[in-house]
Amino acid sequence: MLRLEGVTISIAGAQVLRAVSLALTPGKTTILIGRNGAGKTSTLRTIMGLLPMAGGSIFLGKEEIGATPAYRRAYQGIGYAPEDRRLVAEFNVEDNISLPALALALPKAERARRLDEIYALLPQLLTMRKRPGGSVSGGQGKIVALGRALMVARTALLLDEPFQGLAPALALEYARTIGELRRNRPGLTILITESTPALLDEIADNTFQIERGAIT
């Protein structure tokens, strides 16, 4: 459903992805393992259209989307939760979650329906929905970023280092949430990057290793 074929990326003259080929199984959870600097984040940013490719192709189904703008990829149902959260501090939590839907001009009724889905899956977001984005803790911000990604994730969900910096109890809760998401949305394709993926052993369907920008 979502696959990379020979994707190469260079940043400031340095090659950071080296002919990466990766196929995600529809409705399954894939884990991309690698050390810091191995190319995990660059892979997700490339899928989202946030980094220009020097070579290769990205397919969503039969459509080649390598030249598709990032906002169109969100419109096609790819949700992305970056490792650094990127919340708007002046907006409250609910507004941060709703931003992608507003950017895509989803009808008000559809936005409300998706918010209800997210709050059912992540009830902690409902209790803090009116708090400013700048007031949430790092761990809470990860949950907000997940909710925001789920607002548009109809076909695929990309999670970059979701457990990094989380307290053990919150990490376990996050892992349980992913398990619940898999049960509630069996058709959703999930790609998670991690450096220490022990919490994902029970939910990983496929695992790939990336080292120095190449799948090993």
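- Under the 4.5 Å side-chain heavy-atom criterion for Ile, Leu, Val, Met, Phe, Trp and Tyr, Leu172 and Ile31 are members of the same hydrophobic cluster.
- When atom types are taken as modelled, the side chain of Gln15 and the backbone of Ile9 share no donor-acceptor pair closer than 3.5 angstrom.
- The hydrophobic cluster containing Val88 does not contain Val144, counting ILVMFWY residues as joined when their side-chain heavy atoms lie under 4.5 angstrom apart, directly or transitively.
- The closest side-chain donor-acceptor pair between Gln76 and Arg73, if any, does not fall under 3.5 angstrom.
- A donor-acceptor pair is defined here as one N or O able to donate and one able to accept, closer than 3.5 Å; no such pair exists between the side chain of Thr193 and the backbone of Leu32.
- Side chains of Glu180 and Thr177: no donor on one and acceptor on the other come within 3.5 Å.
- Considering OG1 of Thr30 and CD1 of Ile190, their distance stands at 9.5 Å, rounded to 0.5 Å.
- Side-chain atoms of Arg154 do not come within 3.5 Å of backbone N or O of Ile78 as any donor-acceptor pair.
- In this structure a side-chain-to-backbone donor-acceptor pair under 3.5 Å is missing from Ser195 to Arg35.
- Within the 3.5 Å criterion, the main-chain N or O of Gly66 finds a donor-acceptor partner in the side chain of Glu64.
- Among all heavy-atom pairs drawn from Ala89 and Pro132, the shortest one is O-CB, 3.8 Å.
- Ser21 places none of its side-chain heavy atoms less than 4.5 Å from the side chain of Leu4.
- Closest of all the heavy-atom pairs between Lys142 and Pro162 is CD-O, 3.5 Å.
- Summarising the local packing, CZ of Arg113 is surrounded by more than 12 heavy atoms from other residues, nucleotides or ligands at distances under 6.0 Å.
- Side-chain atoms of Glu194 and Leu200, non-hydrogen and from C-beta on, do get closer than 4.5 Å to each other.
- Other residues, nucleotides and ligands contribute at most 12 non-hydrogen atoms within 6.0 Å of the CZ atom of Phe91.
- Put simply, Leu170 and Leu121 are part of the same group of oily side chains (I, L, V, M, F, W, Y) that touch within less than 4.5 Å, one to the next.
- Leu191 CG to Leu159 CG: the interatomic distance, rounded to the nearest 0.5 Å, is 8.0 Å.
- Under the 4.5 Å side-chain criterion, counting only non-hydrogen atoms from C-beta, Leu158 is in contact with Met48.
- Taking the side chain as every heavy atom from C-beta outward, Asn36 and Glu161 approach each other to under 4.5 Å.
- Checked against Arg111 for a side chain to side chain contact (heavy atoms under 4.5 Å, CB included), the options Leu106, Leu104, Ile97 give a single hit: Leu106.
- With sequence neighbours left out, the ring-ring contact (aromatic ring centres under 6.0 Å, His included) criterion links Tyr75 to no other residue.
- Arg176 CZ: more than 12 foreign heavy atoms inside a 6.0 Å radius.
- Proximity of a side-chain donor or acceptor of Arg114 to a complementary backbone N or O of Met151 within less than 3.5 Å is detected.
- In this structure, Asn96 contributes its side chain and Leu87 its backbone to no donor-acceptor pair below 3.5 Å.
- Considering all non-hydrogen atoms of both residues, Ala149 and Ala81 come closest at CB-N, 3.9 Å.
- Rounded to the nearest 0.5 angstrom, Arg185 CZ and Thr155 OG1 are separated by 10.5 Å.
- Leu17 has its side chain within reach of Ile210: a pair of non-hydrogen atoms, C-beta onward, lies under 4.5 Å apart.
- Closest of all the heavy-atom pairs between Ser98 and Leu115 is OG-CD1, 3.8 Å.
- A salt bridge links Asp205 and Arg182; the closest N-O separation between the charged side-chain nitrogens and carboxylate oxygens is under 4.0 Å.
- Interatomic distance, Leu146 CG to Ile178 CD1, rounded to the nearest 0.5 Å: 7.0 Å.
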Could you go through Arg129 and Gln124, starting from their C-alpha distance and side-chain angles, then the distance that decides it, and tell me whether this counts as side-chain contact (heavy atoms from CB on, under 4.5 Å)?
CA-CA 9 Å; Arg129 68 188 186 280; Gln124 60 269 56; over 6 Å; no
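- In Lys108, the NZ atom is not crowded: 12 or fewer heavy atoms of neighbouring residues, nucleotides or ligands sit closer than 6.0 Å.
- Between the CG atom in Leu181 and the CG atom in Leu150 there is a gap of 5.5 Å [rounded to 0.5 Å].
- Here the side chains of Met1 and Thr25 are not in contact, with every heavy-atom distance at 4.5 Å or above.
- Rounding to the nearest 0.5 Å places CG of Leu60 at 10.0 Å from CZ of Arg3.
- Within the 4.5 Å cutoff, side-chain heavy atoms of Ile58 are placed close to those of Met53.
- In the hydrophobic cluster analysis, where Ile, Leu, Val, Met, Phe, Trp and Tyr join through side-chain heavy atoms closer than 4.5 angstrom, Val7 is grouped together with Leu44.
- Side-chain contact between Leu2 and Phe59 is absent, with no heavy-atom pair separated by less than 4.5 Å.
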